[in-house]
Amino acid sequence: MLEKKFIDYNKSLLTYKEVKFQDIKNDEFVQDLLKKCLKNNILSKEEVDYINFGISKVLNKQLIYFTKNESTSTNIDIAQNLLMSVYFTISISLKRNENILEIITRIKEDSIESIFKDGQEIIKMKFFKCRLILESIYKNKININNYAYIDTIDYGLGTFFKKYDYFFKAHEVPITLDYPLSDNVFSYIGIERIERYLINLNFENKFCNLFNENEIKKLLYSYSDNSEEILLNIFNIVLVNSFGSFVIGKDFKNLNIKEYEKEIILNNIGNHELLYKYLNDYMGVIKNNLNVNDKEFFQYIKKALEKLFVLLKISYKNKTFKEQFVTFKNEKQEILQYKSYKKLSNDEFRSIYEEIIILENVNDKISLLKEKIKNIDDIVDILSSECFMDNEYIILFSSLDYFEIALIIAYIPDIFSYVMYEEKWQIKFNEYFLNLKPEIQNKIKEVSRKISF
Amino acid sequence: MKENITNLQQILYAMDNNTVLIDEVYKVNKFICKYGLRITKEDAKKIVTVRNKSLKDNGRIEFNKSIISEIIEKFASSPYIMPSNATETFCELLEIFYEYKNETFEVLSDEELIRAMVKYFNGYCKGSLELLEGKALYKLAENVRRGLKNPFDISCENNK
């Protein structure tokens, strides 16, 4: 009898090839599986109803647990959420079998409850496995300053293990994964999303660990002035430049692509066939340099290279090919040493303060301030002492040259952060600064970074 | 989301069985006959219909077993329920019950809510369903939301 069923299923599978494991939605696996099987006559309506009945029995039990058997009814949103959790848990168990035939056999012949329990056990194992991967990530993380990267690894991921509820909310991911990966994991839910995220992040870290940390830092700084704050994927940026170096015969660990080298890369791989060959050769070099024999890891690198292949092809057409590679910014950064005038004594400061505060005309106040106060500490003290009123601050800041503005920013590096908005002059300073043209803002910030006290 | 709701409805359809429910309600006659009350098959059907509509209106689902028999049994001894108005009253009590399961944010168990309903109905409300719904249970829900230690105390002092 069983044999006959297998033959029937095979026949159905051959006839309705479109139902493939890979085609079933990850985040709605059971629902999509039943829908597709029903559509392709792999399962009959009665069989789907019977499976739904099995699911309803499991849902019923979960609802009883959830309400501690003190309630016979519940809000539909709660039931909906519990059902999603049940579906997810069942799908985790079914996904152990990688072809539709095996999955259908199980869902028809095993009780839904036993599949659900099996799913719960797998989730527990995955939870444990994820903890181990996170430990490995803590060890392998790159020492760079990108807030999303640091926050996600140091704070976000650990929180998952405190908040995840495999029993009632197995499908949920109770944290946000801010740091974007090369291969995103949005099609997964629950523990699967975290598992996938951790595995991928671990791969990316392993790859980046092949490179010198300072080189990566220079690369990121050259990629964007705001590389600390923006959402970027370190692995992808490293991969592109590393591949570029490889193409022009440099060590693949050299992450600096000089301007003239971009032209050589373009000449070398403008031809798509050659590009593909280079990507394969590059893969070989990476394999030789990494002391790991993890197929999945190399699959991940390969997938990223395939994406890179598409990106370079498109950029070639759009004539933005060279822009894909990053040239390091001038390493010898100009330093502007600030030589301060002597700080005023308390008596001197008080006397000037009293002179300024009695003046009614803002221009007179500004002239006096510029004439008598030369030290940055004193300037900030005067600003804090509220000698100026509301818009007088704006007039004052407008009268300063851009170097003086840069000096204030360099003196108070956190001036643009909200927690620093304690004093009126800082609020006005932000108002003034944000009204400047973006290119001027960037220039001032650049100068402020060079100032040393 | 729409698809998820459809899935839930399919699952709920598998869980719910009106015929079994009607029989269950009908069987409660064994218990309530001593109070001179009786529910016909037609009454039972009507109660189940009201239950289904009320669950839908209040965005709730029932699982495990139905609360109908429990409510009928607990209210059957009330001096304010007459054979002439029994079915109507049970229907309204059922609607009020589901409404206040929502209003009390699932904090109260079924048993606690029914006990409170019986107490207010027979006492403070003197059989008035309007008072029960609009005043007593409204106050109870407010007390629950305020996190009072004893939310069931709906006396005037507590009202302030």
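Predicted model, so just to flag it, every value in this text is computed and none were measured. Below, read A as the first sequence line, B as the second, and so on, with proteins coming before strands; counting in each chain starts at 1.
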Report yes if the side chains of B:T40 and B:N29 come closer than 4.5 Å at any heavy-atom pair, otherwise no. no

Contacts of residues 73-103 of chain B with chain A (heavy atom under 4.5 Å): B:Y98, B:K101, B:N102

Residues 28-51 of chain A vs ring-ring contact (aromatic ring centres under 6.0 Å, His included), sequence neighbours excluded, gives A:F21-A:F29

Between B:Y124 and B:Y120, is the gap from one ring center to the other below 6.0 Å? no

Which residues pass the salt bridge (Lys or Arg N to Asp or Glu O under 4.0 Å) test with A:R193, not counting sequence neighbours? none

Can a salt bridge be assigned to the pair A:K129 and A:E195 using a cut-off of 4.0 Å between side-chain N and carboxylate O? yes

What option among B:E112, B:K65, B:E70 has the most heavy-atom pairs under 4.5 Å with chain A? B:K65

Of the listed residues (A:I55, A:I64, A:L34), which shares the most heavy-atom pairs with chain B below a 4.5 Å separation? A:I64

Is it the side chain or the backbone of A:I78 that comes within 4.5 Å of chain B heavy atoms, both, or neither? side chain

So, using side chain to side chain contact (heavy atoms under 4.5 Å, CB included) as the criterion, who are the partners of B:E111 when residues are at least two apart? B:S109, B:R115

Ring pair (Phe, Tyr, Trp, His ring centres under 6.0 Å) partner of A:Y179, the single match among A:Y155, A:Y149, A:Y197: A:Y149

